[in-house]
Peer 1: 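Structure incoming, see below.
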2 protein chains.
Amino acid sequence: MKPRITLKNIAKEFGVSISTVSKALKDSHEISEETRSKIKAFADYYNYKPNSLALQLRNQRTSVIGVIIPEIVHHFFSTVIEGIEKYANEKGYSVMVCISNESFQKEVSNIGVLTNGSVDGLIVSLSRETQELQNYHHFEALLKDDFPLVLFDRIIEELECDKVIIDDVGGAFKATNHLIELGAKRIALITTKDYVSVGSLRKEGFKKALKSNNIEIDDSLIFKIDEKLNTYEQIKKVLFVTNPPDAILAVNEIYAATALKIAKERGLNVPKDLAIIGFTSGLISEFTSPSLSSVEQHGFLMGKQAAELLIDRIETEGNLEFQKVVISPDLKVRNSTQIN
Amino acid sequence: MKPRITLKNIAKEFGVSISTVSKALKDSHEISEETRSKIKAFADYYNYKPNSLALQLRNQRTSVIGVIIPEIVHHFFSTVIEGIEKYANEKGYSVMVCISNESFQKEVSNIGVLTNGSVDGLIVSLSRETQELQNYHHFEALLKDDFPLVLFDRIIEELECDKVIIDDVGGAFKATNHLIELGAKRIALITTKDYVSVGSLRKEGFKKALKSNNIEIDDSLIFKIDEKLNTYEQIKKVLFVTNPPDAILAVNEIYAATALKIAKERGLNVPKDLAIIGFTSGLISEFTSPSLSSVEQHGFLMGKQAAELLIDRIETEGNLEFQKVVISPDLKVRNSTQIN
DNA sequence: TACAAACACGAAAACGTTTGCGAAAAATCA
DNA sequence: TGATTTTTCGCAAACGTTTTCGTGTTTGTA
């Protein structure tokens with residue numbers, strides 16, 4: 001790569017000092033009109049652009065925000081990134097993305113890389129392993145130095161920082177109520193292991209809805225999928241039983257779509273024999289048949305909010321109170337819960 | 001945010017010079033064992049990490065690679081990023097992601113931001129608008145300065161730089177042949193406007209397969225979807241005609257899934273009345289019923305290859321020849337083209 | 001003519017790091 | 001003891017930029 005042109009180069013060219021060039025390019029009145037135009041023409045011709053590293057070092061700010069997510073090939077997370085990127089860009093920031101790949105180690109090392117001065121702040125959603133281990137030292141160290149940090153979706157409740165989450169309890173509550181209104185009596189829940197925060201919150205909303213409708217909670221209808229094992233086989237057990245459920249709430253799109261697939265293989269009519277509703281994060285729900293009803297998660301908004309919180313914190317000196325933004329999910333009713 | 005600890009701080013603490021501290025932390029033999037351990041203990045305690053901006057400025061390299069993609073909420077592109085990120089990380093690089101949002105202007109400004117010294121090289125897939133306008137000045141300017149650049153998927157054939165693409169012609173050829181082997185006589189192609197390079201390449205493969213099977217090409221069976229209009233309505237015209245096709249090749253997953261949906265609405269039996277095959281980029285194909293056969297695109301591999309080419313170029317001094325890596329797609333036969 | 005004001009520019013510090021080289025102090029040798 | 005080597009450390013430059021302050025020259029005014 002050819003070396004980029006610098007102020008020094010230009011200065012030498014005209015036999016003036018570096019400061020003169022710098023001022024000329026900024027249209028300072030200190031520099032004569034003549035010198036100014038000469039220098040600007042030259043700089044323009046050689047396409048001079050100030051080296052951003054030098055600027056960042058001098059200004060002690062990078063205008064970059066770091067994002068660490070568990071996966072990127074994931075409709076929800078990529079939508080969040082889109083929201084972050086859009087808002088950040090409008091505010092003059094760039095986005096640096098790292099992927100923890102659900103690994104604690106990778107998350108720690110990502111944080112290490114990003115907080116060496118290359119970003120002004122961090123937006124993070126926890127890796128599954130971190131949630132499992134409940135080891136949050138790397139975040140605590142950050143907060144000790146008042147490093148700007150926003151957690152989203154998979155958060156740490158106890159940590160004192162900005163957070164943005166979905167009202168998972170409310171979403172599951174709405175969805176479950178919807179199933180009950182349809183006449184469901186035996187509703188199965190397909191969820192994750194308890195350490196996944198969103199999973200346990202949605203379970204909470206599910207139970208809450210049952211209680212408020214005076215339906216007894218049957219623990220044998222709650223299935224916790226182990227992501228390390230085969231999803232399909234585990235979900236099969238939900239339906240291939242003697243007394244199968246008449247409705248299913250699944251905590252994500254894949255579980256819902258898989259349940260639908262298995263139901264059809266079993267010859268069940270959805271939604272007549274079995275109503276299904278999931279939490280959407282992708283496009284699958286629209287294209288299955290019947291299309292799947294779901295709780296919409298507003299990932300874009302979530303990203304935007306996270307970026308907004310972070311940039312506010314970066315740009316505000318003095319101490320801001322920590323905020324927790326809660327986004328209300330909406331029910332998108334499609335054919336898997338619609339009888340007509 | 002609390003100011004981070006620097007060499008200067010440590011130096012002052014012990015009344016030594018900055019260079020002594022720097023050398024001590026690097027275990028230089030120039031510094032006495034005693035001073036070394038004192039300084040290292042102190043630095044360790046205060047969690048000293050060298051400011052990466054300063055290092056980047058001094059070393060004239062950032063170990064960051066920039067990526068510009070048209071969208072991120074897109075299974076294929078996010079998969080490519082995953083591939084890039086993984087390989088880059090192994091090589092000690094971080095990834096900065098910008099989204100052009102299919103806009104020429106945004107692409108240009110993204111390049112402007114990233115090439116101010118914040119990245120060592122760039123991996124780009126063109127925005128739709130750029131392809132439409134065929135304005136490549138921003139890339140030409142980069143190459144004039146030998147700036148490391150890798151184009152992938154949506155590339156500029158004439159540009160002298162590294163490229164990695166899928167064998168789109170071959171993929172469409174395979175898929176079309178597959179349909180013909182199934183007995184299809186009237187195969188419709190649902191593709192994009194011609195300026196989208198992958199669309200026209202896949203069209204080429206489609207035609208090639210027809211020719212090699214002595215099937216006449218019927219232009220009325222080639223449908224070019226305008227992304228700015230309603231996709232569903234446009235695809236409807238493929239099937240709601242007097243003499244409908246008996247097979248469809250769609251150049252992406254959404255088109256294929258939409259065609260399947262419409263076919264079922266029309267009461268057609270897929271695959272008996274109508275066979276459908278698409279190009280996969282997501283999970284939809286697996287969950288439709290019948291599941292959709294498709295051409296698999298190997299996005300992860302593509303990303304890895306792109307990162308490999310770029311990093312080779314960054315790290316090799318002297319001139320390397322430009323490479324064009326072509327990835328062969330595979331046919332994944334599912335139920336939409338399987339009669340049994 | 002003398003003095004002030006306006007103008008045009010340069011020097012230097014600062015951001016945080018690395019590193020070659022010089023130099024003082026300590027240790028070794030004759 | 002005097003000379004030489006080794007140990008231990010500091011100086012300064014370099015990366016590229018911005019900005020404050022200083023300085024020399026020119027112009028204007030009394």
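Since the model is a prediction, treat every value here as computed from it, not as a measurement. All chains are named by letter (A, B, ...) in the order of the sequence lines, taking the proteins before the strands, and each is independently numbered beginning at 1. Quick note: numbers below take in every heavy atom, side chains included, and nothing from hydrogens, waters or symmetry partners.
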Peer 1: May I have the list of side-chain donor-acceptor pairs in residues 304-312 of chain B shorter than 3.5 Å, sequence neighbours left out?
Peer 2:
| residue | atom | partner | partner atom | Å |
| --- | --- | --- | --- | --- |
| B/Lys304 | NZ | B/Glu308 | OE1 | 3.4 |

Peer 1: What are the bounds, 5' to 3', of the part of DNA chain C that sits under 4.0 Å from heavy atoms of chain A?
Peer 2: C/dA8 to C/dG16
Peer 1: Starting at CG of A/Leu7 and ending at P of D/dT19, how long is that distance when rounded to a whole Å?
Peer 2: 12 Å
Peer 1: Salt bridge check: are A/Glu71 and A/Arg128 linked by an N-O gap of less than 4.0 Å?
Peer 2: no
Peer 1: Are the side chains of B/Asp153 and B/Val80 in touch, meaning some heavy atoms are under 4.5 Å apart?
Peer 2: no
Peer 1: Is any side-chain heavy atom of B/Leu7 closer than 4.5 Å to a side-chain heavy atom of B/Leu25?
Peer 2: yes
Peer 1: For A/Arg4 and for B/Ile18, locate the closest nucleotide of DNA chain D by heavy-atom distance; then report the residue assigned to the nucleotide nearer the 5' terminus.
Peer 2: B/Ile18
Peer 1: Would you kindly give the NZ-to-P distance between A/Lys8 and D/dT17, to the nearest whole Å?
Peer 2: 10 Å
Peer 1: Give B/Ser22 one of three labels, base, sugar-phosphate or nothing, depending on what nucleic acid heavy atoms sit under 4.0 Å from its own.
Peer 2: base
Peer 1: Ignoring hydrogens and angles, state whether a donor on the side chain of A/Ser63 or A/Arg61 is under 3.5 Å from an acceptor on the partner side chain.
Peer 2: yes
Peer 1: Side chain to side chain contact (heavy atoms under 4.5 Å, CB included) between A/Met96 and B/Met96: does it pass, once the steps are laid out?
Peer 2: CA-CA 4 Å; A/Met96 200 143 158; B/Met96 200 143 158; 4.1 Å; yes
Peer 1: What I'd like to find out is whether the side chain of B/Glu82 reaches to under 4.5 Å of the side chain of B/Lys86, using heavy atoms alone.
Peer 2: no
Peer 1: Other residues, nucleotides and ligands only: do more than 12 of their heavy atoms fall within 6.0 Å of NZ on A/Lys49?
Peer 2: yes
Peer 1: Has B/Asn319 got more than 12 heavy atoms of other residues, nucleotides or ligands less than 6.0 Å from its CG?
Peer 2: no
Peer 1: Give the intermediate values and the outcome of side chain to side chain contact (heavy atoms under 4.5 Å, CB included) for residues A/Phe14 and A/Val21.
Peer 2: CA-CA 9 Å; A/Phe14 290 102; A/Val21 178; 5.9 Å; no
Peer 1: Identify all pairs in which a protein N or O lies below 3.5 Å from an N or O of nucleotides 20-22 of chain D, and state each distance.
Peer 2:
| residue | atom | partner | partner atom | Å |
| --- | --- | --- | --- | --- |
| D/dT20 | O4 | A/Lys23 | NZ | 3.2 |

Peer 1: Could you list all N or O pairs between the protein and nucleotides 25-28 of chain D that sit under 3.5 Å apart?
Peer 2:
none

Peer 1: What parts of residues 53-61 of chain B reach DNA chain C, counting only heavy atoms under 4.0 Å away?
Peer 2: B/Ala54, B/Leu55, B/Arg58
Peer 1: Could you check whether the rings of A/His74 and A/Phe76 sit parallel, tilted or perpendicular, using 30° and 60° as the cut-offs?
Peer 2: perpendicular
Peer 1: Using C1' atoms of five pairs at each end, report the bend of the helix from C/dT1-D/dA30 to C/dA30-D/dT1 rounded to 10 degrees.
Peer 2: 70°
Peer 1: Is there a salt bridge (charged side-chain N to carboxylate O under 4.0 Å, His left out) between B/Lys144 and B/Glu140 once you walk through the steps?
Peer 2: CA-CA 6 Å; B/Lys144 191 167 60 64; B/Glu140 286 157 3; over 6 Å; no
Peer 1: For A/Lys38, does the NZ atom sit with more than 12 other heavy atoms under 6.0 Å from it, leaving out its own atoms?
Peer 2: yes
Peer 1: Crowded around B/Glu317 CD? As in, over 12 foreign heavy atoms under 6.0 Å?
Peer 2: no
Peer 1: Please step through salt bridge (charged side-chain N to carboxylate O under 4.0 Å, His left out) for the pair A/Lys106 and B/Glu85, ending with a clear verdict.
Peer 2: CA-CA 12 Å; A/Lys106 189 98 191 291; B/Glu85 214 266 352; 3.5 Å; yes
Peer 1: Is B/Phe14 touching bases, backbone alone, or none of the nucleic acid, heavy atoms closer than 4.0 Å?
Peer 2: nothing
